[in-house]
Amino acid sequence: MKTSPNLSLLWQELPFAERFHAARDRGFEAIEFWPWEDHAVVATKVEELGLHVSILNVDPGPAGAHGQLANPDATEWWQNKLDTAVEFARRVGCTTINTLVGNRLAAYSQARQLETAARNLAEAAERIDGSGVDMVIEPLSEDRPTYLTRTVRDARTLMQAAGSPESLHLLFDFYHLAQTEEDSIERVFVDAQSMTKHVQLADFPGRHEPGSGTIAWSECRRAIDNSTYTGWIGLEFSPSTTTEDALDRFDQAWKS
């Protein structure tokens, strides 16, 4: 199992640059982070410490926007930001970019926004062809109240509308999908494993470390272990106590 801590959430008691050392000292070989962090620091530290970057994001736009992929007024802006993300991904050896879809906009119908997202993804697939970088779509839960893509089915529909390019996949976030899917989250993962390029973990409620909430992590671990998924598993949780204690609790919950 390959895990990558989110350095925007873990070790917040340390300056951002020092969190890379904490991750390496804990034995991690990769990290992830949220898009507003200093990319120059990321590039310097991963090269210095020999770490991988498991995933990064296209610029999501203004605070609270959660992506501009489906904004008809931002198509050129989004494609330019995709180019920037691909360039940085290649610089740090990252092969996965999260293309957050974005929120409902009052000025446009939902159908128009989803058509925009599909066209952007189809064009993006052509732009990144041969780069060694793939894109993922991440469904988000109701804590992003107007976000457009909620479920695996939503993501699959959008992928199909974009022409199902080989470079387009799913980001399976157990925290978000445990809230939006009707079936048990481990069964949803089994059904979605072939389209999944990245996995992220946090418990619900609270978005703290696994073992702090109600998700049945032993069943989730079994589903992943028995699947075809071999990619990174991002630890995208906010520690309920200290980071080290939260990671110990995660280890216990994951191995139980």
Side-chain angles (χ1 to χ4, degrees), residues 34-36 55-86 89 95-129 131 133-183 185 187-189 191-200 231 234 236:
W34 282 347
W36 50 77
I55 191 171
L56 55 86
N57 293 268
V58 176
D59 189 331
H66 307 303
Q68 297 287 285
L69 178 67
N71 184 350
D73 295 328
T75 53
E76 183 177 354
W77 180 92
W78 189 86
Q79 294 292 343
N80 288 335
K81 294 301 183 182
L82 172 72
D83 291 345
T84 300
V86 171
T95 63
T96 307
I97 292 177
N98 187 9
T99 59
L100 287 166
V101 177
N103 300 333
R104 285 283 291 114
L105 299 173
Y108 298 101
S109 69
Q110 182 167 328
R112 171 75 184 281
Q113 284 194 257
L114 292 173
E115 288 169 3
T116 298
R119 285 197 303 271
N120 269 332
L121 289 169
E123 180 179 340
E126 295 180 1
R127 293 167 76 96
I128 69 173
D129 185 42
S131 68
V133 177
D134 291 332
M135 300 176 291
V136 291
I137 296 171
E138 181 180 17
L140 299 180
S141 55
E142 294 292 339
D143 52 3
R144 275 70 170 174
T146 61
Y147 192 74
L148 280 160
T149 309
R150 295 283 186 213
T151 64
V152 171
R153 181 178 181 179
D154 291 342
R156 182 181 287 112
T157 298
L158 183 53
M159 291 178 190
Q160 292 170 346
S164 301
E166 292 184 0
S167 58
L168 184 58
H169 308 274
L170 174 72
L171 193 168
F172 195 101
D173 189 308
F174 277 79
Y175 167 77
H176 289 297
L177 290 170
Q179 301 173 64
T180 63
E181 296 286 350
E182 295 181 358
D183 205 349
I185 189 61
R187 290 178 182 173
V188 175
F189 176 79
D191 290 341
Q193 60 182 291
S194 64
M195 59 190 290
T196 299
K197 176 79 190 292
H198 193 74
V199 168
Q200 290 177 334
E236 197 186 42

For a quick test of reading the model, state the closest non-hydrogen atom pair linking A162 to P165 and the distance between them. O-CD, 3.7 Å
Would you confirm whether N103, through its side chain, and A65, through its main-chain N or O, come within 3.5 Å as a donor-acceptor pair? yes
Is it the case that atom CZ in R144 sees more than 12 heavy atoms from other parts of the structure closer than 6.0 Å? yes
Search all heavy atoms of S167 against all heavy atoms of A125 and return the closest pair with its distance. OG-CB, 3.7 Å
Nearest 0.5 Å, please: how far is CG in L177 from CG in D183? 12.0 Å
Is any side-chain heavy atom of Q200 closer than 4.5 Å to one of H176? no
Taking the side chain as everything from C-beta on, heavy atoms only, tell me whether Q113 gets closer than 4.5 Å to L105. yes
Rounded to the nearest 0.5 Å, what's the gap from CD on E138 to OG1 on T99? Could you check? 9.5 Å
Any side-chain heavy-atom pair of V133 and T95 under 4.5 Å: no
Could you go through E123 and R119, starting from their C-alpha distance and side-chain angles, then the distance that decides it, and tell me whether this counts as salt bridge (charged side-chain N to carboxylate O under 4.0 Å, His left out)? CA-CA 6 Å; E123 180 179 340; R119 285 197 303 271; over 6 Å; no
Would you check if T75 and T116 make a side-chain contact, meaning some heavy-atom pair closer than 4.5 Å? yes
Non-hydrogen atoms of P139 and A155 that approach each other most closely: CG-CB, 4.2 Å
According to the side chain to side chain donor-acceptor pair (under 3.5 Å) rule, which pairs have a member within residues 63-74, sequence neighbours left out? Q68-N71, D73-Y108
side-chain contact (heavy atoms from CB on, under 4.5 Å), that's the test. Do I55 and V136 meet it? Break it down for me. CA-CA 9 Å; I55 191 171; V136 291; 4.0 Å; yes
Does the side chain of D154 pick up a donor-acceptor pair with the side chain of Y147 at under 3.5 Å? no
May I have the step-by-step check of side-chain contact (heavy atoms from CB on, under 4.5 Å) for L168 and K197, ending in yes or no? CA-CA 9 Å; L168 184 58; K197 176 79 190 292; over 6 Å; no
List the steps, then state whether side-chain contact (heavy atoms from CB on, under 4.5 Å) holds for W78 with D59. CA-CA 8 Å; W78 189 86; D59 189 331; over 6 Å; no
Closest non-hydrogen atom pair between S109 and R104, with its separation: C-NH1, 3.7 Å
Would you give the length of the straight line joining atom CG of D191 to atom OG1 of T196, rounded to the nearest 0.5 angstrom? 10.5 Å
Distance check, rounded to the nearest 0.5 Å: N57 atom CG versus T96 atom OG1? 11.0 Å
Closest non-hydrogen atom pair, Q110 against L148: CG-CD2, 3.8 Å
What is the distance from atom CD of Q79 to atom CZ of R127, rounded to the nearest 0.5 Å? 4.5 Å
For residues V58 and I97, determine if any side-chain heavy atom of one lies less than 4.5 Å from a side-chain heavy atom of the other. yes
Test item: F172 and I185 side chains (from C-beta on) under 4.5 Å apart, heavy atoms: yes
To the nearest 0.5 Å, atom OG1 of T149 lies from atom CZ of R156 at 13.0 Å
Could you check L121, V152, L171 and say which one makes a side chain to side chain contact (heavy atoms under 4.5 Å, CB included) with I137? L121
Are L100 and L69 side-chain neighbours, meaning at least one heavy-atom pair lies under 4.5 Å? no
S141 versus T180, closest heavy-atom pair with distance: CA-CG2, 3.7 Å
Derivation of the side-chain contact (heavy atoms from CB on, under 4.5 Å) call for E236 and W34: CA-CA 10 Å; E236 197 186 42; W34 282 347; 2.8 Å; yes
E142 with R150: basic N within carboxylate O range, under 4.0 Å: yes
